[in-house]
Amino acid sequence: MGTRFVLFSPPPPTKPHQPLHSTTPPSLLPQTHYTTSRKLIRGKRIHSASKFGNFLELEPKHRPEALDFDLPWCHPSDRARFDVIIIGAGPAGIRLAEQVSLYGVKVCCVDPEPLSVWPNNYGVWVDEFENLGLEDCLDKTWPMACVYVNDSKIKYLGRCYGRVSRKRLKQKLIEGCVSNGVRFHKAKAWQVKHQEFESTVLCDDGTELKGSLIVDASGFGSTFIAYDKVRNHGCQIAHGVLAEVDDHPFDLDKMVLMDWRDSHLGNEPYLRVSNSRFPTFLYAMPFSSNLIFLEETSLVSRPVLSYMEVKRRMVARLRHLGIRVKRVLEDEKCLIPMGGPLPMIPQDVMAIGGTSGVVHPSTGYMVARTMAVAPVVAAAIAECLGSTRMIRGKQLHAKVWNSMWPIESRLVREFYSFGMETLLKLDLNGTRSFFDAFFDLKPYYWQGFLSSRLTLKELVWLSISLFGHASNPSRLDIVTKWPVPLAKMMGNIALEYIG
């Protein structure tokens with residue numbers, strides 16, 4: 001949520017940066033040659049389709065392999081009963097299993113493929129993972145990021161960015177789970193049944209697992225979590241490729257958080273008109289002169305932008321930039337629901353990850369937030385199930401849900417959702433102006449906003465400061481387009497207080 005060329009002044013000086021890992025390419029990638037950073041190519045020529053053809057026809061050459069790990073399995077014959085059953089072995093599920101099992105709580109994790117490596121690329125701000133003790137799970141870091149506002153303006157962000165090693169992170173969390181006695185069951189959770197103090201997970205292999213608390217970490221498509229409001233979320237959609245290329249124009253010491261330029265659509269009138277109303281940007285992580293992760297992204301739309309439209313824009317952009325894709329090593333489709341109401345709080349099934357509402361409503365960021373909230377939820381679970389009192393049933397559900405979503409966090413999320421509703425109303429020029437002003441704020445504010453760590457009071461100050469930094473056209477946008485989202489936010493905040 002996943003992340004310009006000022007021709008009048010050089011980028012600001014940066015502090016010497018010591019990479020967290022070796023500068024050799026990650027072991028899971030083909031060996032490539034690293035070259036020194038180059039200046040951005042800004043030529044206006046349009047490259048021929050014959051040379052820079054449609055890379056969408058290329059099949060990915062690599063698929064993530066499963067971890068080679070001897071898991072402690074839960075066998076049906078054991079008739080085991082658990083304190084906590086976690087449905088899903090994604091980042092959220094495995095992180096919570098690792099954390100809650102530290103307290104001696106008996107945990108079972110249910111997933112059809114618990115050892116499979118997660119398919120999507122995850123980018124995080126390095127300081128977020130450092131604060132969590134997970135910096136060793138980054139396989140590449142960049143000392144700074146940049147944002148192309150338009151063809152003549154770039155913002156340099158003095159904050160280190162990193163790509164998560166999916167294999168390394170999962171292996172670290174799985175090792176913690178195994179060390180703490182977590183059991184695994186290889187199956188798909190089919191149904192959840194509840195009694196007053198106990199719940200049962202029915203699996204597609206016929207197994208029944210019983211536990212005091214069921215946690216759903218199976219992702220956005222889950223049917224186990226209930227809502228009492230209409231789910232009117234926005235959607236972030238993206239198409240990404242990890243690709244070998246002949247060359248690319250990006251500096252190797254900067255990741256590209258956002259590239260809002262649209263000069264690549266000069267000969268594509270239909271795409272240019274569509275992009276002006278529903279803009280997409282390029283997100284890029286350059287590993288070397290011929291290895292790069294590229295992703296065309298619609299930050300947020302409602303209804304969701306066509307996936308084929310996103311891919312067509314990406315083809316046009318890479319052709320214009322002179323990037324010829326030789327091989328696609330990995331590709332991914334990313335569809336992230338953003339904003340909308342929180343699940344009903346409390347309810348019989350606890351949620352964590354995508355279905356719990358922790359996705360940043362304005363950016364789509366989730367991984368670092370999930371890694372940070374899991375220990376908080378784990379502590380609340382342990383306080384109930386690890387105590388001699390053994391708090392169960394409705395008291396347990398209320399305690400755990402409120403550990404993730406105390407009233408202050410719910411109000412803050414309403415503010416972030418207000419940001420999303422505002423972005424939904426902006427066209428390309430409005431979006432450019434918004435981020436031009438946003439990244440002019442003091443780093444404490446824009447960094448805190450992107451990392452979901454500002455208080456409600458600080459978010460109010462951010463809004464006032466953002467209005468002060470905005471251009472006159474942007475202020476007009478704010479005055480004309482903020483009232484409806486603002487009224488909606490105030491109404492939701494009032495309802496939270498009343499509830």
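At least one side-chain heavy atom of V178 sits less than 4.5 Å from a side-chain heavy atom of L71. No side-chain heavy atom of F278 sits under 4.5 Å from any side-chain heavy atom of V300. Considering only heavy atoms from C-beta on, Y227 comes within 4.5 Å of T355 through its side chain. Here the side chains of R163 and T141 are not in contact, with every heavy-atom distance at 4.5 Å or above. Side-chain contact between I94 and I174 is present, with heavy atoms from C-beta onward closer than 4.5 Å. Between P143 and Y161 there is no side-chain heavy-atom pair separated by less than 4.5 Å. Between M285 and L242 there is no side-chain heavy-atom pair separated by less than 4.5 Å. At a threshold of 4.5 Å between non-hydrogen side-chain atoms, the residues W125 and R159 count as touching.
By the 30° and 60° cut-offs, the orientation of the rings of W73 relative to F184 is perpendicular. Under the 30°/60° scheme for interplanar angles, the aromatic rings of F434 and F438 are found to lie parallel. By the 30° and 60° cut-offs, the orientation of the rings of Y283 relative to F293 is perpendicular.
Summarising the local packing, CD of Q191 is surrounded by more than 12 heavy atoms from other residues, nucleotides or ligands at distances under 6.0 Å. Heavy-atom contacts from other residues, nucleotides or ligands closer than 6.0 Å to NZ of K399 number 12 or fewer. Within 6.0 Å of CG on D68 lie no more than 12 heavy atoms contributed by other residues, nucleotides or ligands.
Salt-bridge formation is detected for the pair E296/R317: a Lys NZ or Arg NE/NH1/NH2 atom is positioned less than 4.0 Å from an Asp or Glu carboxylate oxygen. A salt bridge is absent between K106 and D83; no separation between the charged side-chain nitrogens and carboxylate oxygens falls under 4.0 Å. Remark: R168 does not engage D136 in a salt bridge, criterion side-chain N to carboxylate O under 4.0 Å. A salt bridge between R166 and E330 is present, with a side-chain N of the basic residue lying under 4.0 Å from a carboxylate O of the acidic one. Of the charged side-chain nitrogens involved, at least one lies within less than 4.0 Å of a carboxylate oxygen, so that E198 and R81 count as a salt-bridged pair. The pair E59-R327 does not count as a salt bridge, with every side-chain nitrogen at least 4.0 angstrom from each carboxylate oxygen.
The salt bridge (charged side-chain N to carboxylate O under 4.0 Å, His left out) test applied to R312 returns E309, not counting sequence neighbours. For K193, there are no salt bridge (charged side-chain N to carboxylate O under 4.0 Å, His left out) partners two or more places apart in sequence or in a different chain. For F69, the ring-ring contact (aromatic ring centres under 6.0 Å, His included) test picks out no residue, with sequence neighbours left out. With sequence neighbours left out, the side-chain contact (heavy atoms from CB on, under 4.5 Å) criterion links P119 to no other residue. Remark: S465 pairs with L441, H469 by the side-chain contact (heavy atoms from CB on, under 4.5 Å) rule, at least two apart or across chains. Listed by chain and number, the residues in a ring-ring contact (aromatic ring centres under 6.0 Å, His included) with F224 amount to none (sequence neighbours excluded). For A372, the side-chain contact (heavy atoms from CB on, under 4.5 Å) partners two or more places apart in sequence, or in a different chain, are L132.
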Apply ring pair (Phe, Tyr, Trp, His ring centres under 6.0 Å) to the pair W142 and F250, showing each step before the final yes or no.
-> CA-CA 12 Å; W142 294 264; F250 300 113; over 10 Å; no

Would you please test L209 and C203 for side-chain contact (heavy atoms from CB on, under 4.5 Å) and show each step?
-> CA-CA 8 Å; L209 302 171; C203 301; 4.3 Å; yes

Give the intermediate values and the outcome of side-chain contact (heavy atoms from CB on, under 4.5 Å) for residues V412 and L459.
-> CA-CA 8 Å; V412 165; L459 286 168; 3.7 Å; yes

Working for side-chain contact (heavy atoms from CB on, under 4.5 Å), residues F129 and V367 = CA-CA 10 Å; F129 261 40; V367 172; 4.2 Å; yes

Check the pair V325, E244 against side-chain contact (heavy atoms from CB on, under 4.5 Å), reporting the backbone distance first and the verdict last.
-> CA-CA 6 Å; V325 175; E244 283 187 1; over 6 Å; no

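One finds the CG atom of L426 at 4.5 Å from the OG1 atom of T431 (value rounded to the nearest 0.5 Å). Distance check: D331 CG to F55 CZ gives 9.5 Å after rounding to the nearest 0.5 Å. How far CE of M366 is from OG of S452: 12.0 Å, rounded to the nearest 0.5 Å. Distance CG/L462 to CH2/W446: 12.0 Å, rounded to 0.5 Å. Between the OG atom of S409 and the CD atom of E414 there is a distance of 12.0 Å, given to the nearest 0.5 Å. W401 CH2 to S403 OG: the interatomic distance, rounded to the nearest 0.5 Å, is 10.0 Å.
Remark: side-chain polar atoms of W461 are not paired, donor with acceptor, to backbone N or O of Y445 under 3.5 angstrom. Although no hydrogens or angles enter the test, the distance criterion places no donor-acceptor pair under 3.5 Å between the side chain of S451 and the main chain of G448. Between the E458 side chain and the T455 main chain, a donor and an acceptor come within less than 3.5 Å of each other. Side-chain atoms of H185 come within 3.5 Å of backbone atoms of C74 as a donor-acceptor pair (strictly under, hydrogens ignored). Formation of a donor-acceptor pair under 3.5 Å by the R413 side chain with backbone atoms of W405 is not found in this model.
Across every non-hydrogen atom of S212 and L385, the tightest pair is CB-CD2, 3.9 Å. Nearest heavy-atom pair across P91 and L173 is O-CD1, 4.3 Å. Across all non-hydrogen atoms, the minimal contact from L299 to S362 is CD1-O, 3.9 Å. The minimum heavy-atom distance linking V241 with M314 is given by the pair CG2-CE, 3.8 Å.
Between the side chains of Y416 and H360, no donor N or O sits under 3.5 Å from an acceptor N or O.
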Residues 335-352, side-chain donor-acceptor partners within the protein, below 3.5 Å, at least two apart:
{"residue": "Q347", "atom": "OE1", "partner": "A226", "partner atom": "N", "Å": "2.8"}
{"residue": "Q347", "atom": "NE2", "partner": "A226", "partner atom": "O", "Å": "2.9"}
{"residue": "Q347", "atom": "NE2", "partner": "M344", "partner atom": "O", "Å": "2.9"}

Pair up each side-chain donor or acceptor in residues 109-116 with any protein partner under 3.5 Å, not counting sequence neighbours, and list the distances.
{"residue": "D111", "atom": "OD1", "partner": "E113", "partner atom": "N", "Å": "2.8"}
{"residue": "D111", "atom": "OD2", "partner": "A89", "partner atom": "N", "Å": "2.9"}
{"residue": "S116", "atom": "OG", "partner": "E113", "partner atom": "O", "Å": "3.0"}

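Each side-chain hydrogen bond (donor to acceptor under 3.5 Å, both in side chains) pair with one or both residues in residues 92-105, not counting sequence neighbours, appears once here: R95-E98, S101-N180. Within the structure, side-chain hydrogen bond (donor to acceptor under 3.5 Å, both in side chains) pairs that include any residue of residues 332-344 comprise N121-E332 (at least two apart or interchain). Residue pairs meeting the salt bridge (charged side-chain N to carboxylate O under 4.0 Å, His left out) criterion with at least one member in residues 442-457, sequence neighbours excluded, are D127-R453.
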